[in-house]
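Structure record follows, encoded as C-alpha cells.
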Amino acid sequence: MERNLTPEQLALFEKEFASNPQYRVMQNAVTQTPVANLALDRQVVTSIDHSVSDLLDDWKVTSQKKSGRCWLFAGLNLLRAGAAEKLGVKDFEFSQNYLFFWDKFERSNFFLEAIIETAGRDVDDRTVAHLLSDPIGDGGQWNMFVALVRKHGLVPKTAMPETESSSASAQMNDTLRKLLRQGARDLRAIEGDEARRERKRELLTTIHRVLSIHLGTPPQKFLWQWKDSDKGFHRDGWTTPAEFAAAYVQVPLDEYVCLVHDPRESSPVGKTFTVDYLGNVIDAPPVTYLNVEIELMKKLTQDAIVGGEPVWFGCDVGKQMNADLGYWDAKLYDYGSIYDTAFTLNKAERLLHHETLMTHAMLFTGVDLVDGEPRRWRVENSWGDEKADSGFWTMNDSWYGEHVFEIAVRRSALPAELQARLDETPIVLPAWDPMGALAD
C-alpha cells in the first residue's frame with residue numbers, strides 16, 4: 001500500500017465493510033445504543049455476586065467526590081478500622097482534607113526543588129518537560145501517603161472537614177499549576193542558590209495562602225472528645241496531629257513495603273525500583289518498590305485478609321469495569337466480537353505501548369476462597385455508596401492478574417530472600433516511566 005490513501009483505496013475499504021451484512025447490523029446497533037451495553041457479557045455478569053467467604057468490612061464507604069485523592073482515602077481507610085475500634089465507635093474518618101493540604105504544600109516544595117536541580121537543562125529536556133506537564137496533580141502512591149503521616153500526623157475529620165475545593169479540586173489545581181509554572185520560569189532564570197531559595201520561599205508563601213483559602217488552615221492543636229457507641233463520653237483534651245496519630249493509628253506503617261507486578265523484560269523480578277523525581281516530601285524515604293510475580297501478590301493479599309488486615313492496592317481501574325454493577329472481570333466486555341477483531345496486547349505490552357498504567361488506589365477488604373484459592377475479591381472504593389454493594393465492589397480473580405499493579409503489605413510477610421532484596425540499592429527508572437503513575 002502506498003503511503004497516501006488514494007480514492008481507489010478508500011473505495012476498497014468501503015466495499016469490504018459493505019460486503020459483510022453483519023457489519024451493517026452492528027452499525028445499526030452501535031449508532032443507537034452505547035457500545036458497552038452491547039459488549040457486556042451476560043454470562044460473566046450472571047456468574048458474579050458480591051458475596052465472599054472472608055469479609056472484613058463492617059463500615060460505610062467514603063467518597064473522594066470530584067477529586068483525585070483515592071490514594072489518601074485508601075490509606076486512611078486502612079487505618080480507620082483500628083481507630084474506630086479503639087475509640088469504641090461504629091464509623092470513624094480521619095480528615096482527608098488535612099493530608100490533602102499538606103500533600104499539596106509538600107509537593108509544591110518538591111516540584112520547586114526539582115526545578116532548581118534541573119535549572120541548567122533546556123526547558124525541552126524530557127525530564128524538565130515531564131515535571132512541567134503536571135506539577136501539582138491530586139494523585140499519589142503508598143510511600144507518599146506514609147511520608148505525610150510521618151511528618152504531619154493525622155486529625156479527625158471534625159478537626160478539618162471537607163471544603164468545596166477538597167471535594168472538587170479542579171479550580172484550585174488550575175491556580176496552583178499557574179503559580180508553579182510561573183515559579184519555574186523565575187527559578188530557572190535566577191542565578192545563585194541564595195537568590196533561588198529566597199524566590200522559592202516567596203512562592204511557597206503564596207502557595208500556602210492559596211491552599212488555606214481553598215482548604216482551610218490545618219490545626220496545630222485541637223480539643224478531642226467523642227461519644228462511643230454506648231453513648232459514653234470521652235475527652236483526650238488538647239491534642240496535636242502527631243499525638244493523635246500516635247494514639248489512634250493501630251497499623252505499623254513503618255513495617256509496610258510496596259510490591260508491584262511489572263512484567264516488562266526490562267524490569268527483572270526480585271529487583272527493587274524507584275522512579276526519578278517521584279515523591280512529595282523532601283528527604284522522606286524514596287518511593288521504592290519490589291517487583292514480584294503476580295501469584296505472590298495474590299497470596300500475600302489473601303493471607304493478609306484472612307489474617308484480619310485490609311490491603312491497600314493500585315490498579316488501572318477503568319479497564320473491563322461496570323460502574324453500575326460494581327464488577328470487574330478480565331472478559332467483562334467482548335469488544336472483539338463487536339468489531340470483528342482481536343485485542344491482543346498483554347500486560348507487559350500494554351505498559352510498553354502506553355495502553356495502561358496505575359490510575360486508582362483502593363482497599364481489598366474481602367476474598368472469596370474455594371479450596372484455598374481466590375475466586376474473587378471484595379474492594380472498598382472511595383466513590384460513594386450509590387453503586388455496587390453500597391460502594392463495595394467485586395473483582396474477579398482474572399481481573400487482578402491483568403490490571404492490579406501494586407500492593408502494600410508487611411515486610412515480614414515476604415519470603416526471607418525477598419526481604420533481603422528490599423535492602424538493595426533500587427534501579428532508577430526515568431521520571432516518565434509508567435510505573436511512576438500516580439493513582440487518583
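Numbering starts at 1 and runs along the sequence shown.
- Residue pairs satisfying the ring-ring contact (aromatic ring centres under 6.0 Å, His included) criterion with at least one member in residues 413-440, sequence neighbours excluded, are absent.
- Considering only residues two or more places apart in sequence or on other chains, D230 meets the salt bridge (Lys or Arg N to Asp or Glu O under 4.0 Å) condition with none of them.
- A cation-pi arrangement is present between K86 and Y248, with the terminal nitrogen or guanidinium carbon under 6.0 Å from the aromatic centre and inside a 45° cone about the axis.
- With sequence neighbours left out, the side chain to side chain donor-acceptor pair (under 3.5 Å) criterion links E406 to no other residue.
- Side-chain contact between K319 and Y333 is absent, with no heavy atoms from C-beta onward closer than 4.5 Å.
- Around atom CD of E386, no more than 12 heavy atoms belonging to other residues, nucleotides or ligands sit under 6.0 Å away.
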**Study point:** side chain to side chain donor-acceptor pair (under 3.5 Å) between T356 and D316, intermediate numbers included
**Key:** CA-CA 7 Å; T356 191; D316 190 354; 2.6 Å; yes
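- Within the cation-pi definition used here (under 6.0 Å to the ring centroid, within 45° of the axis), K347 qualifies as a partner of F405.
- Between R378 and D368 there is no salt bridge, since no side-chain N of the basic residue sits under 4.0 Å from a carboxylate O of the acidic one.
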**Study point:** Check against side chain to side chain donor-acceptor pair (under 3.5 Å), Y23 and D340
**Key:** CA-CA 8 Å; Y23 298 163; D340 191 23; 2.5 Å; yes
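- Pairs of residues two or more places apart, or lying in two chains, never qualify as salt bridge (Lys or Arg N to Asp or Glu O under 4.0 Å) while including a residue from residues 232-246.
- When D254, V281, L253 are each tested for a side-chain contact (heavy atoms from CB on, under 4.5 Å) with R150, only one passes: D254.
- Ion pairing between K157 and E93 holds under the 4.0 Å rule for side-chain N and carboxylate O.
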Can you give me every donor-acceptor pair (side chain of residues 423-430, partner residue at least two apart or in another chain, under 3.5 Å) with its distance?
from: D423; atom 1: OD1; to: R411; atom 2: NH2; distance (Å): 2.9
from: D423; atom 1: OD2; to: R411; atom 2: NH2; distance (Å): 3.0

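- You'll find the side chain of N396 stays beyond 4.5 Å of the side chain of W328, heavy atoms only.
- Taking the side chain as every heavy atom from C-beta outward, M435 and Y289 approach each other to under 4.5 Å.
- Residues satisfying the salt bridge (Lys or Arg N to Asp or Glu O under 4.0 Å) criterion with K387, sequence neighbours excluded, are D324.
- For R80 and F92, the positive end is not near the middle of the six-membered ring at less than 6.0 Å and at most 45° from its axis.
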